[in-house]
Number of protein chains: 2
Amino acid sequence: MVKISDVARHAGVSPSTVSYVLSGKRSISAETRERVLASIRQLGYRPHAGARALASSRSNVLALMLPLRTGIHVPVVMRFATAVVTTARSFDHDVLLLTQEEGEEGLRRVADSALVDALIVMDVQLDDPRLPLLRSLGRPSVLIGFPADATDLTCIDLDFRAAAEACLTHLAELGHRDVALVGSPPEVYARRTGFAERVAEGFTATAERLGLDAGFYPCEATVEEARGLVARLLAERPGLTGVVVHNEPIAEPLVRAFQSAGRRVPGDLSVVAICPDEVAEQAEPPLTSVAIPAEEVGRRAVELLMGKLDGESVPAATLLPPALTARASSAAPAAD
Amino acid sequence: MVKISDVARHAGVSPSTVSYVLSGKRSISAETRERVLASIRQLGYRPHAGARALASSRSNVLALMLPLRTGIHVPVVMRFATAVVTTARSFDHDVLLLTQEEGEEGLRRVADSALVDALIVMDVQLDDPRLPLLRSLGRPSVLIGFPADATDLTCIDLDFRAAAEACLTHLAELGHRDVALVGSPPEVYARRTGFAERVAEGFTATAERLGLDAGFYPCEATVEEARGLVARLLAERPGLTGVVVHNEPIAEPLVRAFQSAGRRVPGDLSVVAICPDEVAEQAEPPLTSVAIPAEEVGRRAVELLMGKLDGESVPAATLLPPALTARASSAAPAAD
DNA sequence: GTGAAAGCGCTAACAG
DNA sequence: CTGTTAGCGCTTTCAC
């Protein structure tokens, strides 16, 4: 293994000079720098990560804890992860993958052992058991999602309340008066997942403000449950003309079920989804939707973390504004 | 930060004794061990990962390089990843996430800097540019998938050739004589992905052996392409009664398209898929399928790697036998 | 069964 | 602008 002293000898300088060339923490004459860089290249030198972490108390590794539980849409998680890794690399950091199952103990382990410098956690519950730990860890962290009490924490997410509002406003502007929210599976609400609740709140509040007839229906993410719910909706709410879906896997099955029941989409029933753009675009018909900006959330989570690592003060809360894209699944309701 | 010398002082022993208690590399009297462990617990001691890596030249971290390109089914990738992380943890290792985009340079970086002890790479092409690097890296690696030339490499995967054979044998035993393979998108074959080619080979060879009429049809993973292909199949192969699908996203759309064209499944047309069990179970009708054992592949990849790290000699090739589960999408062809 | 001490390879004062 | 040197916290000989 080639080490810093080998490079130093080869370039005719001291080890510290090599170190400073690499870190840029003090100015080096152009010629020495070039000579050192040439030696580094020739010898194929790579600083030893462990030695560097020991000497500098910086590992240049971030922890990313991902959810792998039910009710979470996997492709969205992967897109977050990709954005996090890619952005971390652009800051010369690597990413250590933790599963949600590792819980608080996992976070403590990688933080206390100095394996990572900072942490990103996804799928934050309103009353998440990891919160006290993250506050006391002594290492920067960023939460993707908002807990009930975010004191002393840095959070980022799509503004789900505004997203629900945008969906409903869109339907109301088209003239819909009787609307329903088809939500995530009941277990998601049971464990008090922030984004799911915020959608429900935003929906309810906006419906009230706009004076709409509104109902809220959590739903398992299976085709059968979607069919069952459609049957129920048709029976219970004969005047229903607008549906907001916040449950990726069943968005399309739901449309299918309405069509099987003889309802045209968007002729008789308009559907608006909160889901990734690809899901909305691939659907038949393409769905009007508010996108979940996974890439942007992941990228900005890392940027926030880097700011904190550099000692900057960063905003405690970042709510990304929703963007609604009108597609073929929504239109004015048929005149009675 | 509490360090090993703090623990040593607290327990009234030397640092080396603490180290040996933790590593178990030499025998310690029961009483000292208990005393040391108590001190560790009381002080909340965690060995510094970097210091440990520096002193032992072992980081206890594995690199996992995941594909994020088109034509790959994301949920399957996530299940691999989960299995890898979970298994790695059971061996007291962590997992560093790399994206395929980082390529050879990324692998070299984490290996040469001693950030990781060993590497797992997925989505191996038949002629993968990372192969020479992996051979010369001086660190153990395991490939998920088989390249054309696996000399000096350790590989594991489902036996895709046998999987195709199992599908076709199943159809043949039911009495089908005119069959088709609906394959992955053309780009997957263009970049010579091993598993896709092996399915095609296994299909072709088995069809020949069994004397079946057989055709091979790569297909983009979109609903339109699936519909287009069905139209083509109905026109070109009027006698077709059995289809093997190796393309998760369009398995169900394909069935839908056949049904729209008036073909009953499995009455007129039997469908067998190579896909994860959940996809097969969720489909309507549930699909007879050969499962992709993501969990087992991920777990065993880590086990192989651990064996190599321990200096054991492990099998160079591990081909997991396919398991076909008969479901509602296959039956004997209608009598003419 | 336990301790002392020499590094592991790098960074960051300190010194000039 | 550059060099010298003292650690960073741990593992592992060597010694008893």
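For the pair Asp6(B) CG and dC8(D) C1', the interatomic distance rounds to 14 Å; values are reported in whole Å. Atom CD1 in Ile4(A) sits about 5 Å away from atom P in dC10(C), given to the nearest Å. Here dC14(C) presents its P atom at 15 Å from NZ of Lys25(A), a figure rounded to the nearest Å. Whole-Å rounding puts the Leu22(B) CG to dT2(C) P distance at 15 Å. Taking atom NE2 of residue His48(B) and atom P of nucleotide dG9(D), one finds them 7 Å apart after rounding to whole Å. Per the geometry, CG belonging to Leu54(A) stands 12 Å off C1' belonging to dT11(D), to the nearest Å. Whole-Å rounding puts the Arg58(A) CZ to dG9(C) P distance at 23 Å. As rounded to whole Å, 8 Å separates atom P of dG3(C) from atom CZ of Arg26(B).
Ile40(B) is listed as a side-chain neighbour of Leu22(B), based on a closest heavy-atom distance under 4.5 Å.
Side-chain atoms of Ser16(B) and Ser19(B) form no donor-acceptor pair, as typed in the model, at a separation below 3.5 Å. For the residue pair Ser14(A)/Thr17(A), the side-chain donor-acceptor check at 3.5 Å is satisfied.
Between the side chain of Arg52(A) and the base of dT11(C) there is no donor-acceptor pair of N/O atoms closer than 3.5 Å.
Using a cutoff of 4.0 Å between basic side-chain nitrogens and carboxylate oxygens, Arg9(B) and Asp6(B) are scored as salt-bridged. With salt bridges taken as basic N to acidic carboxylate O contacts below 4.0 Å, none links Glu295(B) and Arg299(B). For Glu101(A) and Arg89(B), the salt-bridge test fails: no basic side-chain N is under 4.0 Å from an acidic carboxylate O. Classification of Arg135(A) and Glu104(A) as a salt-bridged pair fails, no side-chain N sitting under 4.0 Å from a carboxylate O.
Other residues, nucleotides and ligands place no more than 12 heavy atoms under 6.0 Å from the CZ atom of Arg192(B). No more than 12 heavy atoms of other residues, nucleotides or ligands sit less than 6.0 Å from atom CD of Glu31(A).
Of the residues in residues 8-20 of chain A, those placing a heavy atom less than 4.0 Å from an atom of DNA chain C are Ser16(A), Ser19(A), Tyr20(A), in numerical order.
Judged by closest nucleotide on DNA chain C, Glu31(B) is the one of Ala55(B) and Glu31(B) placed further toward the 5' end.
Listed pair Ser56(A) / dA12(C) fails the phosphate criterion, with no side-chain N or O lying under 4.0 Å from OP1 or OP2.
Ser23(B) comes within 4.0 angstrom of nothing in the nucleic acid, heavy atoms only. Using a 4.0 Å heavy-atom cutoff across all strands shown, Ser57(A) reaches no nucleic acid atom at all.
One axis for each end of the helix from dG1(C)-dC16(D) to dG16(C)-dC1(D), each built from five base pairs, and the angle between them comes to 30° at 10° resolution.
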